[in-house]
Amino acid sequence: MVKVSEKIIKYTLLFVFLISIVSCIGIETEIEFKDEKSGTVKLKYRVSNMVLNTAEIDSDSSFLPLPLERKDFVEKATENNNLTLISFKREDNEEEVFITAEFSFKDIDALNAVAGSGEEPLITVDKRLTKTVYTHNLYQGNSGNIDNETMQVVSDLYSNYPVKFTIKTPSNIKETNRGTARNNIAEIEMTIPEILSSEEPVIIELSW
């Protein structure tokens, strides 16, 4: 019984570790730019009840890096004048909690307020000569510091947890370094093991 508990704690902590170091906007993210600085962002993600139950036992609200309650999203929007919560939905079943939330943002700082809490912006949008370039620093790379055992756990537990991005731009996309692009819509999908196994930074870059 002790061994089972230890495994649950280890895997739960690993889940938290994965989400925090990947620094993604969510498991599934849809960003639509009205212009180069403003638009909407929709987040969709799921959290295992195993993680939630462990967090309750630990009695630490900071244990979970992903917000699960409407008040958390309202608070985030209240803290930034250029961010507005459009909608929020939570669905629970016996195994997981599903969260869907949509914000409108008036500048890239507001978009980054949704993307993560780090001091450095994860997303930048820059004008370069005749094109606008969107850059998302998704993951810094593991620098070879994740051992094989940990990566096996990642593969076993999180191969069914893809990280998806849909990015809609104001005009046709000229190029993207990941995924596919058609007209003004880019779609990128990666698995958590794929991201975590990279020793180099994982960056999404596209231009329109």
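Counting from 1, the numbers follow the sequence of the chain as shown.
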Taking only residues two or more places apart in sequence, or in another chain, which ones meet [X] in a side-chain hydrogen bond (donor to acceptor under 3.5 Å, both in side chains)?
{"X": "T132", "answer": "K127"}
{"X": "S38", "answer": "D35"}
{"X": "S171", "answer": "none"}

Measuring from [X]:[atom1] to [Y]:[atom2], what's the distance to the nearest 0.5 Å?
{"X": "N184", "Y": "T169", "atom1": "CG", "atom2": "OG1", "value": "5.0 Å"}
{"X": "S198", "Y": "M190", "atom1": "OG", "atom2": "CE", "value": "10.0 Å"}
{"X": "I123", "Y": "T135", "atom1": "CD1", "atom2": "OG1", "value": "10.0 Å"}
{"X": "I27", "Y": "K164", "atom1": "CD1", "atom2": "NZ", "value": "11.0 Å"}
{"X": "T29", "Y": "K44", "atom1": "OG1", "atom2": "NZ", "value": "10.0 Å"}

Nearest non-hydrogen partners of [X] and [Y], listed with the distance:
{"X": "I203", "Y": "N177", "result": "O-ND2, 2.9 Å"}
{"X": "I204", "Y": "I188", "result": "CG2-CD1, 4.1 Å"}
{"X": "N93", "Y": "F98", "result": "ND2-CE1, 3.4 Å"}

Please list all pairs meeting salt bridge (Lys or Arg N to Asp or Glu O under 4.0 Å) that have one or both residues in residues 198-208, counting only residues at least two apart or in different chains.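 The answer is none; no pair qualifies.
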Pairs in or reaching into residues 171-197: which pass salt bridge (Lys or Arg N to Asp or Glu O under 4.0 Å), with residues at least two apart or in two chains?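 Found K131-E175.
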Quick one: does L196's side chain get under 4.5 Å of N142's, heavy atoms only? no
With heavy-atom distances below 4.5 Å as the criterion, would you say the side chains of K42 and T100 are in contact?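 K42 reaches T100 side chain to side chain.
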Judged by atom type as modelled, is there a donor-acceptor pair below 3.5 Å linking the side chain of K76 to the main-chain atoms of A113? yes
Output yes when a side-chain donor or acceptor of D126 lies under 3.5 Å from a complementary backbone atom of V133, and no otherwise. no
Please list, chain by chain and in numerical order, all residues satisfying side chain to side chain contact (heavy atoms under 4.5 Å, CB included) with E32, sequence neighbours excluded.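 Residues passing side chain to side chain contact (heavy atoms under 4.5 Å, CB included) with E32: K34, T40, K168.
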Can you list, pair by pair, the side-chain donor-acceptor contacts under 3.5 Å of residues 78-86, counting residues two or more places apart and other chains?
residue : atom : partner : partner atom : Å
T78     : OG1  : V74     : O            : 2.8
N80     : OD1  : N82     : N            : 2.8
N82     : ND2  : D107    : OD2          : 2.8

Lys/Arg-Asp/Glu bridge criterion (N-O < 4.0 Å) met for D72, R70: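 Result for this pair is no, no salt bridge flagged.
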Kindly indicate, with the supporting measurements, whether the criterion side chain to side chain contact (heavy atoms under 4.5 Å, CB included) is fulfilled by H136 and L122. CA-CA 6 Å; H136 185 170; L122 299 176; 4.2 Å; yes
Give me the ring orientation class for F73 and F88: parallel if the planes are under 30° apart, tilted from 30 to 60°, perpendicular past 60°. tilted
Do L111 and V125 share a hydrophobic cluster (ILVMFWY, side-chain heavy atoms under 4.5 Å, transitive)?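 Same cluster.
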In the single-linkage hydrophobic clustering (I, L, V, M, F, W, Y; side-chain heavy atoms under 4.5 Å), do V114 and L68 co-cluster? yes
Test side chain to side chain contact (heavy atoms under 4.5 Å, CB included) on L43 and I99 and set out the steps. CA-CA 8 Å; L43 319 175; I99 300 295; over 6 Å; no
Which is it for T166 and I185 under the side chain to side chain contact (heavy atoms under 4.5 Å, CB included) test, yes or no, and what are the steps along the way? CA-CA 7 Å; T166 300; I185 300 175; 3.9 Å; yes
Set of residues satisfying salt bridge (Lys or Arg N to Asp or Glu O under 4.0 Å) with respect to E75, sequence neighbours excluded: none
Mind checking ring pair (Phe, Tyr, Trp, His ring centres under 6.0 Å) for F33 and listing every partner two or more places apart, or none if nothing turns up? F105, Y134, W208
